[in-house]
J.: 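The structure that follows is given in the form of structure tokens.
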Amino acid sequence: MRNLIIYLFLLLPLCTNAQESKRRIRLNAGVKVGFQAITYNDPTFEIEGYTFNENTIQSNKIGYTLAPFLRLSRGRYYIQTEAAFGITRHSFDFTDTRQSSVSDIEPNIPEYTLKTYCVQVPLLFGYEFIKQEKYGMSFFTGPKTKFVFTAHDEQLFKHFAYDDLEEVLEKKTYYWEFGLGVKIYNVFFDFVYDLGLTDASEFIRAPKVNKEFKTKRKDNILSFSVGMIF
């Protein structure tokens with residue numbers, strides 16, 4: 001009995017250390033690079049017969065991101081924030097409702113291409129539902145804010161009635177992010193979907209004729225990234 005008591009007494013610190021290890025808050029840093037594509041949810045756009053409809057083609061051109069991040073974790077739970085510097089690209093081909101559907105001449109299809117430079121800052125809450133020494137999987141979600149450098153965006157309107165069209169973009173837009181992460185040793189892969197909550201555009205204007213046209217669109221972002229955590 002005395003030996004058993006001594007054994008349990010010696011084992012107690014080990015159990016205490018294990019419990020303290022689970023409760024310990026850890027700070028990790030890392031960096032990731034990725035690709036992303038944007039789709040617009042139920043957009044509204046109409047300028048003198050050029051309009052979004054079921055025939056409008058959205059070209060999901062690939063954009064890029066580079067993101068350093070910080071993660072606070074305790075047990076299976078963690079909070080993560082990052083600053084993702086990115087380039088987003090998109091293109092629209094429109095239907096010109098003013099032209100006849102029957103024509104011997106191939107019409108010039110109106111097209112709008114957009115390239116923006118931005119920083120995306122999320123605040124994510126994650127849970128590692130698989131947590132092993134060499135691998136793991138987690139689900140994470142949380143709000144995200146995107147800051148667009150509107151002074152540096154690149155826009156090109158082709159085959160429209162006005163030759164000086166420009167879109168005034170919102171400098172700040174909000175999203176809700178959902179993601180799945182896979183970790184192998186210190187390398188991880190993230191699959192993310194960002195749901196747009198606010199409009200990405202204010203209006204489109206033609207300064208020469210002093211006209212403004214209302215737009216309304218929320219962008220959703222699908223992205224994939226790979227990185228390392230230290």
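Heavy-atom basis, side chains included; hydrogens, waters and symmetry copies ignored.
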J.: Charged N to carboxylate O under 4.0 angstrom, Asp163 versus Lys208?
T.: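 Result for this pair is yes, salt bridge flagged.
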
J.: From the options Glu170, Glu167, Lys171, Lys214, select the one residue that forms a side chain to side chain contact (heavy atoms under 4.5 Å, CB included) with Glu202.
T.: Glu170

J.: Less than 4.5 Å apart, any side-chain heavy atom of Ser91 and any of Glu111?
T.: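 Yes. Closest side-chain heavy atoms under 4.5 Å.
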
J.: Which pair of non-hydrogen atoms, one from Arg89 and one from Tyr64, has the smallest distance, and what is that distance?
T.: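 Heavy-atom minimum between the residues: NH2-OH, 4.4 Å.
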
J.: Going by atom types alone, do Lys183 and Tyr135 pair a side-chain donor with an acceptor below 3.5 Å?
T.: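 Short answer, no.
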
J.: Out of curiosity, Gln132 CD to Ile184 CD1, how far, rounded to the nearest 0.5 Å?
T.: 13.0 Å

J.: Do Tyr193 and Tyr175 make a side-chain contact, defined as non-hydrogen atoms from C-beta onward lying under 4.5 Å apart?
T.: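 Counting from C-beta outward, Tyr193 and Tyr175 never come under 4.5 Å.
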
J.: So, do Glu154 and Tyr117 sit near enough that their side-chain heavy atoms are less than 4.5 Å apart?
T.: yes

J.: Between Tyr78 and Ser138, what is the shortest heavy-atom contact and its length?
T.: OH-OG, 3.1 Å

J.: Applying the side chain to side chain contact (heavy atoms under 4.5 Å, CB included) test to Phe140, which of Ile79, Val192, Leu180 qualifies?
T.: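 Answer after filtering Ile79, Val192, Leu180: Val192.
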
J.: Answer yes if Phe129 and Phe125 sit in the same cluster of Ile, Leu, Val, Met, Phe, Trp and Tyr residues linked by side chain heavy atoms under 4.5 Å apart, and no otherwise.
T.: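 Not linked; separate clusters.
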
J.: Could you verify whether a donor N or O on one side chain and an acceptor N or O on the other, from Tyr162 and Lys211, lie under 3.5 Å apart?
T.: yes

J.: With a 4.5 Å limit on heavy-atom distance, are the side chains of Leu72 and Ile25 in contact?
T.: yes

J.: So among Phe224, Phe178, Phe139, which one has a ring pair (Phe, Tyr, Trp, His ring centres under 6.0 Å) with Phe191?
T.: Phe224

J.: Is there a donor-acceptor pair under 3.5 Å between the side chain of Arg26 and the backbone N or O of Ser73?
T.: no

J.: Could you check Tyr174 against Lys146 for side chain to side chain donor-acceptor pair (under 3.5 Å), going step by step and ending with a plain yes or no?
T.: CA-CA 6 Å; Tyr174 299 97; Lys146 182 170 76 172; over 6 Å; no

J.: Quick one: closest heavy-atom pair of Ile229 and Phe188, and the distance?
T.: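 Answer, listing the atom of Ile229 first, then Phe188: N-CE2, 4.1 Å.
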
J.: Judged by modelled atom types alone, do Gln120 and Glu177 share a side-chain donor-acceptor pair under 3.5 Å?
T.: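 Note: Gln120 and Glu177 side chains miss the donor-acceptor criterion.
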
J.: Minimum heavy-atom separation for Glu128 to Gly75, with atom names?
T.: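 Scanning both residues, the minimum pair turns out to be OE2-O, 4.2 Å.
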
J.: Counting N and O atoms only, with roles assigned by atom type, does the side chain of Asn28 sit under 3.5 Å from a partner on the main chain of Phe230, one being a donor and the other an acceptor?
T.: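 It does hold such a pair.
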
J.: Any side-chain heavy atom of Asp190 within less than 4.5 Å of one from Lys32?
T.: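 Of all side-chain heavy-atom pairs linking Lys32 with Asp190, at least one is under 4.5 Å.
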
J.: So how far is it from Thr88 OG1 to Asp219 CG, rounded to the nearest 0.5 Å?
T.: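 Answer for the OG1-CG pair, Thr88 versus Asp219, is 7.5 Å.
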
J.: Check for me, please, whether Leu70 and Val121 land in the same ILVMFWY cluster - side-chain distances under 4.5 Å, paths through other members count.
T.: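 Looking at the clustering, Val121 is in a separate group from Leu70.
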
J.: Quick check on the hydrophobic clustering: are Leu66 and Phe189 connected, directly or via other members, by side-chain heavy-atom contacts under 4.5 Å?
T.: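 In one cluster: yes.
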
J.: Quick one: pull up CZ in Phe35 and CD1 in Ile62 and give me the separation to the nearest 0.5 Å.
T.: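 The CZ atom of Phe35 sits 8.0 Å away from the CD1 atom of Ile62.
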
J.: Salt bridge or not for Asp199 and Lys218, using N-O below 4.0 Å?
T.: yes

J.: Return the minimal non-hydrogen interatomic distance between Thr150 and Leu169, and the atom names on each side.
T.: CG2-O, 3.9 Å

J.: So does Gly86 get a backbone contact from the side chain of Thr65, meaning a donor-acceptor N/O pair under 3.5 Å?
T.: no

J.: Is the gap between the ring centers of Tyr127 and Tyr77 under 6.0 Å?
T.: yes

J.: With hydrophobic residues grouped by side-chain heavy-atom distances under 4.5 Å, do Val168 and Leu114 end up in a single group?
T.: no

J.: Strictly distance-based, threshold 3.5 Å: is any side-chain N or O of Thr198 a donor or acceptor partner for the main-chain N or O of Thr173?
T.: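 Pair absent, no side-chain N/O of Thr198 close to backbone of Thr173.
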
J.: Stepwise, does the side chain to side chain contact (heavy atoms under 4.5 Å, CB included) test hold for Thr145 with Lys172?
T.: CA-CA 7 Å; Thr145 304; Lys172 183 167 59 177; 3.5 Å; yes

J.: Hey, are the side chains of Phe149 and Val119 touching, using non-hydrogen atoms and a 4.5 Å cut-off?
T.: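 They are in side-chain contact.
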
J.: Any ion pair linking Glu82 and Lys144 (charged N to carboxylate O, less than 4.0 Å)?
T.: no

J.: What I want to find out is whether Lys115 reaches Asp153 closely enough, with some N-O distance under 4.0 Å, to be called a salt bridge.
T.: no

J.: Can you get from Tyr112 to Ile38 by hopping between Ile, Leu, Val, Met, Phe, Trp and Tyr side chains that sit under 4.5 Å apart?
T.: yes

